[in-house]
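These notes concern the structure reproduced below.
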Amino acid sequence: MIARERHLREVERLLGGHPVVALLGARQVGKTTLALEVMERTREPTARFDLEDAEDLARLDDPKLALGRLDGLVVLDEVQRRPELFEVLRVLADRRGTPARFLVLGSASPDLLRQSSETLAGRVVYHELGGLALDEVGAAQRDARWLRGGFPRSFLAPSIADSAEWRRSFVRTFLERDVPELGIRIPSTTLRRFWSMIAHYHAQTWNAAELARAFGVSAGTVRRYLDLLTDALVLRQLAPWHENLSKRQVKAPKVYVADSGILHTLLGIETREDLERHPKVGASWEGFVIDELVTRLGARPEERWFWATHAGAELDLLVVRGRRRLGFEVKRTTAPTTTKSMHAALESLRLDHLYAVHAGEHTFPLTEHITALAFGRVLDDLAPLDR
Ligand SMILES: Nc1ncnc2c1ncn2[C@@H]1O[C@H](COP(=O)(O)OP(=O)(O)OP(=O)(O)O)[C@@H](O)[C@H]1O
Ligand SMILES: [Mg+2]
């Protein structure tokens, strides 16, 4: 078992201050395992209902009665299967003294669980469980983590062939079973084709017109596919930063396959050699590194951006918290240098600091405001944003 201390501590902290905590993450990322660990560690009474289990569902036949008499920690697993429970949770969360706290687990974003965000407004906090990160697997495992991705079963598989097979099966199950269960009525072959196409555009700016043309549907339709797969937590979007500058800035999001291992599956990459030879190797590394940077910094989704101007200046990742602004350029080189674009970003965005994240061994200053940050040393050389 890989210890997930950071997530455990954060979930426990949130449960201390909120009647309902939603632990959200893609299928198979480790939600149930983490919840069981939280239950094991608490001294209070605990109860768990798995909404994929017929017996548990039967116990919830009258949810208000069944849940209302419980105190301590109550876990509701796979809550997206019974969104009508959110109404009950709202009533229970509003009781005086709230004897029970609820940890609800789901594999879709709050937007897809729209009912929850509206019904439980002000009573629920969200915690996103991502794949295994470098602080969990160890920085020495970074190449394996990149190739295999962060799903525990894929990362821990005995061989790369087993890992690849697990991911192919994940993709199949996701398209054929999980997507329909989310109430999405799009043929699995269509979504597979779309997902694979996004893999080819990984780490690029979304171009609805181009994708619509390639796909033979309207721009609105491809946008709907994009948002659906984002809400199902298998794609990620990074929003463009814009403010009142004179330069014209890019306004479309950047799009990523959410897990590097799944990206490789969609691109037909299995081995390290496949990856090194593939034209998307740089884009894959960039997406992987950005994930690790935001995890390390503890940047919340609304604090993450990229920036690009039509004049060509750009920044792969901009993290904004309060008045603090950190910029990151990611490049798979061992000899990072400063560029015009970096200076433009520093100046236009008034960054506190800019990091040129690279694949070499050492972290060293490039200028007063630019550091060449060795990715392999990110846990040592980059401090989390303080809360
Ligand atoms: N920290 C971990 N270390 C090792 N293996 C893990 C860890 N977390 C999860 N796993 C393994 O990964 C698989 C998926 O875990 P789990 O069932 O907890 O995920 P989940 O997010 O609840 O999945 P689902 O959405 O399908 O319910 C299981 O086989 C589990 O044993
Ligand atoms: Mg589960």
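Whatever order the structure lists them in is the order used to number ligands and atoms, beginning at 1.
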* **Closest protein heavy atom to atom 11 (C) of ligand 1, given as residue, atom name and distance to 0.1 Å** => Pro152 CB, 3.9 Å
* Asked: When you measure from atom 24 (P) of ligand 1 to each heavy atom in Met1, Arg27, Glu136, which option holds the nearest one?
  -> Arg27
* Asked: Would Ile290 and Leu233 show up in the same hydrophobic cluster when neighbours are defined by side-chain heavy atoms closer than 4.5 Å?
  -> no
* To do: Could you check atom 28 (C) of ligand 1 against the protein and tell me its nearest heavy-atom contact, residue, atom and distance included?
  => Arg153 CD, 4.2 Å
* Does a side-chain heavy-atom distance below 4.5 Å link Glu314 with Trp307? -> no
* Asked: For atom 17 (O) of ligand 1, which protein heavy atom lies nearest, and how many Å away is it?
  -> Thr32 CB, 4.1 Å
* Could you tell me whether Ser107 and ligand 1 have an N or O pair separated by under 3.5 Å? => no
* Can you sort out which atoms of ligand 1 are near Thr33, meaning under 4.0 Å from one of its heavy atoms? => 8 (N), 9 (C), 15 (O), 16 (P), 18 (O), 30 (C)
* Answer yes if the ring centres of Trp195 and Phe174 are under 6.0 angstrom apart, and no otherwise. => yes
* Asked: Which atoms of ligand 1 sit under 4.0 Å from any heavy atom of Arg4?
  -> 1 (N)
* To do: Find out whether Leu297 and Pro384 are in side-chain contact, i.e. whether some heavy atom of one side chain is under 4.5 Å from a heavy atom of the other.
  => no
* Asked: Quick one: does ligand 1 sit under 4.0 Å from the side chain of Leu132, the backbone, both or neither, non-hydrogen atoms only?
  -> neither
* Lys/Arg cation over aromatic Phe151: Arg167, 6.0 Å, 45° cone -> no
* How long is the gap from CG on Asp50 to CG on Leu76, to the nearest 0.5 Å? -> 10.0 Å
* Asked: Tell me, do Arg296 and Leu379 make a side-chain contact under 4.5 Å, heavy atoms counted?
  -> yes
* Residue of the set Leu103, Val124, Val38 for which side chain to side chain contact (heavy atoms under 4.5 Å, CB included) holds with Val21 -> Leu103
* **Tyr201 side, atom OH; Glu210 side, atom CD - distance, nearest 0.5 Å** => 3.5 Å
* Give a yes or no on whether the ring-centroid distance for Phe102 and Phe49 is below 6.0 angstrom. => no
* To do: Would you check if the side chain of Glu292 reaches a backbone N or O of Leu134 as a donor-acceptor pair within less than 3.5 Å?
  => yes
* Please identify which atoms of ligand 1 are closer than 4.0 Å to at least one heavy atom of Lys31. => 18 (O), 19 (O), 20 (P), 21 (O), 22 (O), 23 (O), 24 (P), 25 (O)
* To do: Compute the minimum heavy-atom distance from Glu78 to ligand 1 and say whether it is under 4.0 Å.
  => yes
* **Salt bridge flag under 4.0 Å for residues Arg82 and Glu52** => no
* Atoms of ligand 1, numbered as shown, that sit under 4.0 Å from any heavy atom of Ile2 -> 1 (N), 2 (C), 3 (N), 4 (C)
* To do: Return yes or no for this condition: an N or O of Gly30 is under 3.5 Å from an N or O of ligand 1.
  => yes
* **Short N or O distance, Val29 and ligand 1, threshold 3.5 Å exclusive** => yes
* To do: If you have a sec, work out which protein heavy atom is nearest atom 23 (O) of ligand 1 and how many Å separate them, to one decimal?
  => Gln28 N, 2.9 Å
* **Element-labelled atoms of ligand 1 that are located less than 4.0 Å from some non-hydrogen atom of Leu156** => 4 (C), 5 (N)
* Within a radius below 2.8 Å of the Mg ion (ligand 2), how many protein N, O or S atoms are present? -> 1
* To do: Could you tell me how the ring of His127 sits relative to the ring of His7: parallel (under 30°), tilted (30 to 60°) or perpendicular (over 60°)?
  => perpendicular
